[in-house]
Amino acid sequence: MSATEPMPLDAFALPAPELAQALLSTVLFHRETAGMIVETEAYLGGDDLASHSARGETMRTRVLFGPPGRAYIYLIYGIYECLNVVAGAVGTPGCVLIRALEPLCGLPSMYQRRGLAGAPATLTNGPGKLTQALDITAKQYGQRLDKGALRIRRWRDRPIFETAVTPRIGISECVDWPLRFVWARHPCLSRAR
DNA sequence: GGTAGGATGGGCT
DNA sequence: GCCCATCCTACCC
């Protein structure tokens, strides 16, 4: 595959469902490790009751209401961190959850951070797994993703792949909304479909 | 192949 | 005090 190039900050200024699709095949870098994004979910503002922004702006959700291209990171089940990319414009609290990567660089570090053996796909085929493998924590809350230590870059020549759309995983509201986007049949997805 | 249960802590009512 | 945008292990087909 060809080399990567920076993703300009204004490329993140899309409605969450469009950004979720645009982020497929881009590469997430942090601390000597990197992986290609193959699974995302869009979370909307307004009437999307599954979104953390649905109950308004709080200390935790503050970054969702600001400019796009920032990291929204939260602790889930007291154990795992989940990484989201803030989408849209100021005041529109959409975001994109990064759910799975294909490991590309620094696999020994990923195995060490995960503390488990297994196939490379198991390093990053889930939202809690990939943050552990790339050492992404609440310390990165609010950071810009177009440049810096935690960054997203895109291939100069975007690979050709098929996108599939499904409902989101693990939520109890808006369960049928088609807002999960995957690289179809990719071996590193968190679920087969 | 499958599922049931526990870990664990911050956010919110 | 309850609820999680999860993961792993144990156990059962």
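Within every chain, numbering begins at 1; the chains are lettered A, B, ... in the order of the sequence lines, protein sequences first and strands thereafter.
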Between A/R99 and A/V182 (side chain of the first, backbone of the second, donor and acceptor by atom type, cut-off under 3.5 Å), is there such a pair? no

Output row for DNA chain C, stems defined as at least 3 consecutive Watson-Crick or G-U pairs under 3.5 Å, is B:1-7 with C:6-12, B:9-12 with C:1-4

At 4.0 Å (heavy atoms only), tell me whether A/R168 reaches a base, stays on the sugar-phosphate, or touches nothing. nothing

For residues 68-82 of chain A, which residue pairs pass the side-chain hydrogen bond (donor to acceptor under 3.5 Å, both in side chains) check, not counting sequence neighbours? A/H52-A/Y72

Pairs touching residues 14-25 of chain A that satisfy side-chain hydrogen bond (donor to acceptor under 3.5 Å, both in side chains), sequence neighbours left out: A/S25-A/R158

A/E39 and A/S190: side chain donor to acceptor below 3.5 Å: yes

Cation-pi check for A/Y43 against A/R168: NZ or CZ below 6.0 Å from the six-membered ring centre and within 45 degrees of the axis, yes or no? yes

Quick one, which residues of residues 42-52 of chain A touch DNA chain B with a heavy atom under 4.0 Å? none

If only atom types and distance count, is the side chain of A/Y141 paired as donor or acceptor with the main-chain N or O of A/R60 below 3.5 Å? yes

Check the side chains of A/R113 and A/Q132 for a donor-acceptor pair under 3.5 angstrom, ignoring hydrogens and angles. no

Contact interval (first through last nucleotide) of DNA chain B with protein chain A, 4.0 Å heavy-atom: B/dA7 to B/dT13

Would you find a donor on one side and an acceptor on the other, under 3.5 Å apart, between the side chain of A/S53 and the backbone of A/G94? no

Outermost contacting nts on DNA chain C, any atom under 4.0 Å from chain A heavy atoms, listed 5' then 3', are C/dC4 to C/dT9

Looking for any heavy atom pair under 4.0 Å, which part of the strands does A/G78 touch: base, sugar-phosphate only, or nothing? base

Select base, sugar-phosphate, or nothing to describe what A/R114 touches, counting heavy atoms under 4.0 Å on all strands. sugar-phosphate

Polar side-chain atom of A/R180 near backbone of A/R193 as donor-acceptor pair, under 3.5 Å: yes

Answer yes or no: is there an ion pair linking A/E57 with A/R62, defined by an N-O contact shorter than 4.0 Å? no

Under a 4.5 Å cut-off applied to non-hydrogen side-chain atoms, are A/V86 and A/V63 in contact? yes

Can you find a pair of side-chain heavy atoms, one from A/P17 and one from A/L179, that are under 4.5 Å apart? yes

Is A/R185 close to A/E162 at the side-chain level, that is, under 4.5 Å between some pair of heavy atoms? yes

